[in-house]
Amino acid sequence: VTDLPILNINIFGSPAVQENIRYHLCVSQAVADRISGIVPKEKIQIVYVPTEAPPAGSEQWGKDLRQALGYKDTDMVFGRIGRGVDSIFDPIGIRAFQKAVVKYPHIYYLIMSPPSILEKIVGEEKIPNVKFLPASGAEKDIWGFHQAIDVLAHFRHDGEAFGLNIIESMYCKNPIISHESHYWN
């Protein structure tokens with residue numbers, strides 16, 4: 001491996017200093033900044049993860065999902081989508097919703113691929129108006145989710161190095177709410 005030319009696709013900002021690494025392709029400026037000063041600047045390139053605009057008909061997928069979940073057109077639906085892993089869970093999103101739903105009982109939180117700790121909190125504390133969807137990589141499920149929500153209410157303990165889910169939701173004209181994390185902002 002030490003004599004082959006390597007393109008290092010860097011998503012987490014971990015510097016590698018092998019001489020045969022020709023370029024470090026970083027998914028964001030934040031990732032590039034993490035390795036800058038350790039890796040020579042001329043070897044660092046930023047290559048954003050490509051995503052396409054939502055496919056034609058995805059608006060209907062969102063309407064169908066809202067209807068299946070019992071949401072009215074006038075309901076405000078917040079959403080979160082991401083890996084359902086407890087180690088990246090940050091309670092800030094559900095705690096904010098827990099306070100807001102008391103004052104605004106007609107808001108909802110739709111969460112795709114929830115971490116088990118989140119499901120436990122919602123169940124034990126009986127937080128109303130939270131619905132869970134299973135994890136899916138299917139185009140119809142992903143775009144249907146983004147088209148069904150009104151605001152992406154993102155939370156993740158370690159933040160985002162790139163945030164494909166944020167870009168997808170922005171394509172659907174959703175405002176994004178997030179938070180400052182200890183690692184990626």
Side-chain angles (χ1 to χ4, degrees), residues 9-12 25-31 46-86 88-98 100-101 104-119 121-123 127-179 181 184-185:
I9 300 172
N10 200 321
I11 61 173
F12 294 121
L25 305 178
C26 300
V27 298
S28 68
Q29 184 65 53
V31 170
I46 299 171
V47 180
Y48 295 105
V49 177
T51 186
E52 297 177 8
S58 65
E59 295 89 354
Q60 188 60 50
W61 298 341
K63 289 178 184 176
D64 293 346
L65 180 56
R66 282 180 78 102
Q67 184 178 18
L69 295 170
Y71 299 145
K72 299 180 200 131
D73 289 342
T74 56
D75 290 337
M76 173 64 72
V77 180
F78 294 89
R80 191 268 183 184
I81 183 172
R83 284 189 297 134
V85 179
D86 287 351
I88 62 171
F89 172 70
D90 190 309
I92 193 168
I94 197 62
R95 295 300 179 206
F97 181 80
Q98 186 177 30
V101 75
Y104 304 100
H106 297 292
I107 62 173
Y108 299 87
Y109 208 163
L110 180 61
I111 300 172
M112 181 181 247
S113 185
S116 59
I117 191 169
L118 173 60
E119 291 181 285
I121 290 168
V122 169
I127 301 172
N129 300 355
V130 178
K131 293 187 180 178
F132 299 116
L133 296 174
S136 175
E139 181 177 62
K140 184 175 182 181
D141 295 337
I142 300 293
W143 289 113
F145 167 84
H146 287 295
Q147 296 285 14
I149 65 172
D150 298 298
V151 176
L152 183 71
H154 172 271
F155 60 83
R156 183 176 160 142
H157 176 70
D158 56 354
E160 288 289 352
F162 177 71
L164 181 60
N165 60 346
I166 292 170
I167 291 169
E168 290 168 340
S169 218
M170 289 171 73
Y171 264 128
C172 296
K173 301 179 179 124
N174 292 327
I176 312 300
I177 299 172
S178 193
H179 61 95
S181 81
W184 296 108
N185 291 301

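All figures in this text were calculated on a predicted structure; none of them were measured in a lab.
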Chemist: When you measure from the side chain of Ser28 to the backbone of Val31, do you find a donor-acceptor pair of N or O atoms at a distance under 3.5 Å?
Modeler: yes
Chemist: Does Phe89 reach the side chain of Ile121, with side-chain heavy atoms less than 4.5 Å apart?
Modeler: yes
Chemist: Would you find a donor on one side and an acceptor on the other, under 3.5 Å apart, between the side chain of Ser136 and the backbone of Asp141?
Modeler: no
Chemist: For Ser169 and Ile166, indicate whether the former's side chain and the latter's backbone hold a donor-acceptor pair under 3.5 Å.
Modeler: no
Chemist: Dump the intermediate steps for side-chain contact (heavy atoms from CB on, under 4.5 Å) on Phe97 and Ile107, then the final yes or no.
Modeler: CA-CA 9 Å; Phe97 181 80; Ile107 62 173; 3.6 Å; yes
Chemist: Has Arg66 got a side-chain atom pairing as donor or acceptor with Lys72's backbone, closer than 3.5 angstrom?
Modeler: yes
Chemist: Looking only at heavy atoms, what is the nearest atom pair of Ala148 and Gly62, with distance?
Modeler: CB-O, 3.6 Å
Chemist: Which value, rounded to the nearest 0.5 Å, describes the distance between Leu69 atom CG and Asp64 atom CG?
Modeler: 11.0 Å
Chemist: Kindly indicate, with the supporting measurements, whether the criterion side-chain contact (heavy atoms from CB on, under 4.5 Å) is fulfilled by Tyr48 and Val27.
Modeler: CA-CA 5 Å; Tyr48 295 105; Val27 298; over 6 Å; no
Chemist: Would you compute the distance between atom CE of Met112 and atom CD1 of Ile149 and round it to the nearest 0.5 angstrom?
Modeler: 10.5 Å
Chemist: Out of curiosity, Phe78 CZ to Ile94 CD1, how far, rounded to the nearest 0.5 Å?
Modeler: 11.5 Å
Chemist: CD of Glu119: more than 12 outside heavy atoms within 6.0 angstrom?
Modeler: yes
Chemist: Let's go through Asn174 and Val151 carefully: what are the C-alpha distance in whole Å and the side-chain angles of both, what is the deciding distance for side-chain contact (heavy atoms from CB on, under 4.5 Å) to 0.1 Å, and is it a yes or a no?
Modeler: CA-CA 5 Å; Asn174 292 327; Val151 176; 5.9 Å; no
Chemist: Please report the shortest heavy-atom distance between Ala153 and Tyr109, naming the atom on each side.
Modeler: O-OH, 2.8 Å
Chemist: Okay, side chain of Asn165, backbone of Gly82: is any donor-acceptor separation there less than 3.5 Å?
Modeler: no
Chemist: Which atom names give the shortest non-hydrogen contact between Asp75 and Asp150, and what distance separates them?
Modeler: O-OD2, 3.1 Å
Chemist: Does the structure place the NZ or CZ of Lys131 under 6.0 Å from the centre of the six-membered ring of Tyr71, at an angle of no more than 45° from the ring's axis?
Modeler: yes
Chemist: If every non-hydrogen atom of Gly144 is compared with every non-hydrogen atom of Trp61, which pair is closest and at what distance?
Modeler: CA-CB, 3.8 Å
Chemist: In this structure, are over 12 heavy atoms from other groups packed under 6.0 Å from Ile176 atom CD1?
Modeler: yes
Chemist: With a sphere of 6.0 Å drawn around CZ of Phe132, does it hold more than 12 non-hydrogen atoms of other residues, nucleotides or ligands?
Modeler: yes
Chemist: If you compare all heavy atoms of Tyr171 against all heavy atoms of Pro54, which two are closest, and at what distance to 0.1 Å?
Modeler: CB-CD, 3.6 Å
Chemist: Looking at Phe155, I'd like to know if the NZ or CZ of Arg80 sits under 6.0 Å from its six-membered ring centre while staying within 45 degrees of the ring's axis.
Modeler: yes
Chemist: If you apply the rule side-chain contact (heavy atoms from CB on, under 4.5 Å), what do you find for Leu110 with Leu65, and how did you get there?
Modeler: CA-CA 11 Å; Leu110 180 61; Leu65 180 56; 4.2 Å; yes
Chemist: Ser58 and Trp143: which non-hydrogen atoms are nearest, and at how many Å?
Modeler: CB-CB, 3.9 Å
Chemist: Could you tell me the separation between the NE2 atom of His154 and the CD1 atom of Ile92, rounded to the nearest 0.5 Å?
Modeler: 11.0 Å
Chemist: In Å and rounded to the nearest 0.5 Å, what is the CD1 to NE2 distance from Ile167 to His146?
Modeler: 10.5 Å
Chemist: Which distance, rounded to the nearest 0.5 Å, do you find between the SG of Cys172 and the CD1 of Ile142?
Modeler: 11.0 Å
Chemist: Side chain of Asp86, backbone of Ile117: donor and acceptor closer than 3.5 Å?
Modeler: yes
